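For reference, the structure discussed in these notes is given below.
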Amino acid sequence: MSAFILEARQLMCQRDDRVLFSGLNFHLHSGQILLIEGVNGAGKTSLLRILTGLRQPDEGELFWNNQAFNDLGASFYQDVAYIGHSNGLKETLTAQENLRYVQALALPALSIDESLQQVHLNGYQDTLVRYLSAGQRRRLALARLLCTHKTLWILDEPFTSLDRASIQLVEHLMTAHVKQGGMVIMTSHHETHLPATLVQKIELRR
């Protein structure tokens, strides 16, 4: 992967009459993970929505490879994958069909079978999503990261519904991604065991 940088300058976010955060600055480079911490209501999900371009900051600017977000247009989204609280899966489609739909919208990376194998869902290709457990659905959602070429993964509570073994699996996938030049921005209420040398942290306070 090429080298990338995401820069935030003096970001501020307001909900109704309350400022969630202000004066937020950071640089995230290829090969790094940004862990966003804070209590419920501190603005973690709002910050992720700003970083994906789904919401505008009330103040401040974002830059991707030294170019302001407002000047990027659709090109930014070619480099970004976002998984929120909702898994974003079609319950009436199979696991394989959900991944095939995602690959149709982006450059493919791993094959669908390889992606499912990576998240320990090999053999579930033809299973309808509505028959998968909560943990299996979450792992299927995360498999979308593997079957497309996206430099920046933005993940809202990626460990939701996962057991300890699955959390370790996802941490391994994140670590491998950034060691190959990728980037990860994530929120989490769980204690993580990611390599400290790869992680920088931001704590949002109410």
Side-chain angles (χ1 to χ4, degrees), residues 1-14 19-39 42-85 88 106-107 109 141-142 144-160 167 169-205:
M1 293 182 182
S2 303
F4 291 86
I5 180 172
L6 176 66
E7 180 184 1
R9 299 180 188 172
Q10 294 294 308
L11 293 186
M12 189 266 272
C13 179
Q14 183 173 333
V19 174
L20 298 178
F21 54 83
S22 63
L24 180 62
N25 300 284
F26 67 82
H27 288 78
L28 185 71
H29 297 262
S30 296
Q32 292 183 319
I33 298 170
L34 177 64
L35 176 59
I36 301 169
E37 300 178 322
V39 299
K44 299 188 299 298
T45 295
S46 294
L47 175 56
L48 292 191
R49 290 179 62 81
I50 289 172
L51 298 178
T52 59
L54 296 175
R55 172 178 177 161
Q56 293 294 313
D58 293 287
E59 291 181 7
E61 292 182 283
L62 283 167
F63 296 84
W64 180 243
N65 294 334
N66 299 313
Q67 188 173 2
F69 263 38
N70 292 339
D71 299 329
L72 287 170
S75 62
F76 174 67
Y77 297 100
Q78 296 175 2
D79 296 318
V80 179
Y82 172 56
I83 296 180
H85 284 288
L107 291 174
L142 294 168
R144 292 181 300 177
L145 303 171
L146 305 176
C147 68
T148 57
H149 277 292
K150 300 289 186 178
T151 298
L152 174 58
W153 296 355
I154 299 181
L155 312 175
D156 200 355
E157 297 292 340
F159 303 137
T160 298
I167 290 174
L169 168 65
V170 174
E171 289 176 336
H172 171 75
L173 296 175
M174 290 180 187
T175 301
H177 178 63
V178 298
K179 285 186 175 180
Q180 293 169 1
M183 309 158 76
V184 175
I185 299 175
M186 59 179 288
T187 65
S188 181
H189 285 106
H190 294 78
E191 180 183 0
T192 63
H193 296 86
L194 296 161
T197 55
L198 303 178
V199 178
Q200 59 172 297
K201 295 182 179 181
I202 292 175
E203 183 174 3
L204 303 180
R205 301 178 182 273

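Each residue takes its place number in the sequence, starting with 1. The figures that follow rest on heavy atoms only: side chains count, while hydrogens, waters and symmetry mates do not. For clarity, every value in this text was computed on a predicted model and none was experimentally measured.
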If you measure from [atom1] on [X] to [atom2] on [Y], what distance do you get to the nearest 0.5 Å?
{"X": "Ile36", "Y": "Gln200", "atom1": "CD1", "atom2": "CD", "answer": "9.5 Å"}
{"X": "His193", "Y": "Glu171", "atom1": "NE2", "atom2": "CD", "answer": "7.0 Å"}
{"X": "Tyr82", "Y": "Leu51", "atom1": "OH", "atom2": "CG", "answer": "10.0 Å"}
{"X": "Leu62", "Y": "Gln10", "atom1": "CG", "atom2": "CD", "answer": "12.0 Å"}
{"X": "Asp156", "Y": "Thr45", "atom1": "CG", "atom2": "OG1", "answer": "3.5 Å"}
{"X": "Ile83", "Y": "Thr160", "atom1": "CD1", "atom2": "OG1", "answer": "11.5 Å"}

Check against side chain to side chain contact (heavy atoms under 4.5 Å, CB included), Ile185 and Leu6:
CA-CA 10 Å; Ile185 299 175; Leu6 176 66; 3.5 Å; yes
Asn66, CG: over 12 other non-hydrogen atoms inside 6.0 angstrom:
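Count not over threshold, so no.
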Taking atom NE2 as the centre, does His189 end up with more than 12 heavy-atom neighbours from other residues, nucleotides or ligands that are less than 6.0 angstrom away?
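Yes.
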Let's go through Met174 and Leu198 carefully: what are the C-alpha distance in whole Å and the side-chain angles of both, what is the deciding distance for side chain to side chain contact (heavy atoms under 4.5 Å, CB included) to 0.1 Å, and is it a yes or a no?
CA-CA 10 Å; Met174 290 180 187; Leu198 303 178; over 6 Å; no
Is the side chain of [X] donor-acceptor paired with the backbone N or O of [Y] at a distance under 3.5 Å, no angle test?
{"X": "Glu7", "Y": "Phe63", "answer": "no"}
{"X": "His177", "Y": "Thr151", "answer": "yes"}
{"X": "Asn25", "Y": "Gly23", "answer": "yes"}
{"X": "Lys44", "Y": "Gly38", "answer": "yes"}

Determine, stepwise, if the pair Ile202 / Phe21 fulfils side chain to side chain contact (heavy atoms under 4.5 Å, CB included).
CA-CA 11 Å; Ile202 292 175; Phe21 54 83; over 6 Å; no
So, do [X] and [Y] sit near enough that their side-chain heavy atoms are less than 4.5 Å apart?
{"X": "Thr148", "Y": "Arg144", "result": "no"}
{"X": "Leu152", "Y": "Asp79", "result": "no"}
{"X": "Leu20", "Y": "Leu204", "result": "no"}
{"X": "Thr192", "Y": "Val199", "result": "no"}
{"X": "Ser46", "Y": "Arg55", "result": "yes"}
{"X": "Leu24", "Y": "Leu47", "result": "yes"}
{"X": "Cys13", "Y": "Arg49", "result": "no"}
{"X": "Met186", "Y": "Leu35", "result": "yes"}

Partner set under side chain to side chain contact (heavy atoms under 4.5 Å, CB included) for Gln56, not counting sequence neighbours
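Scan of Gln56 (side chain to side chain contact (heavy atoms under 4.5 Å, CB included), adjacent residues dropped) gives Asn70.
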Go through the structure and list residues passing side chain to side chain contact (heavy atoms under 4.5 Å, CB included) with Gln14, not counting sequence neighbours.
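Gln14 satisfies side chain to side chain contact (heavy atoms under 4.5 Å, CB included) with Met12, Val19, Asp58 once adjacent residues are dropped.
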I need the single residue from Leu145, Thr187, Val170 that forms a side-chain contact (heavy atoms from CB on, under 4.5 Å) with Leu155. Which is it?
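When side-chain contact (heavy atoms from CB on, under 4.5 Å) is applied between Leu155 and each of Leu145, Thr187, Val170, only Leu145 qualifies.
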Give me the atom names and distance for the closest heavy-atom approach of [X] to [Y].
{"X": "Leu142", "Y": "Pro158", "value": "CD1-O, 3.9 Å"}
{"X": "Ile33", "Y": "Leu28", "value": "C-CD1, 4.1 Å"}
{"X": "Pro195", "Y": "Thr175", "value": "CD-OG1, 3.5 Å"}
{"X": "Thr52", "Y": "Tyr77", "value": "O-CE2, 3.0 Å"}
{"X": "Ser30", "Y": "Met183", "value": "CA-CG, 3.6 Å"}

What do the steps show when you test Glu203 against Arg205 for salt bridge (Lys or Arg N to Asp or Glu O under 4.0 Å), and what is the final call?
CA-CA 6 Å; Glu203 183 174 3; Arg205 301 178 182 273; 3.4 Å; yes
Could I get the full list of ring-ring contact (aromatic ring centres under 6.0 Å, His included) partners for Phe69, not counting sequence neighbours?
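By the ring-ring contact (aromatic ring centres under 6.0 Å, His included) rule, Phe69 matches Phe76.
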List the steps and the verdict of side chain to side chain donor-acceptor pair (under 3.5 Å) for Glu157 and His85.
CA-CA 7 Å; Glu157 297 292 340; His85 284 288; 5.9 Å; no
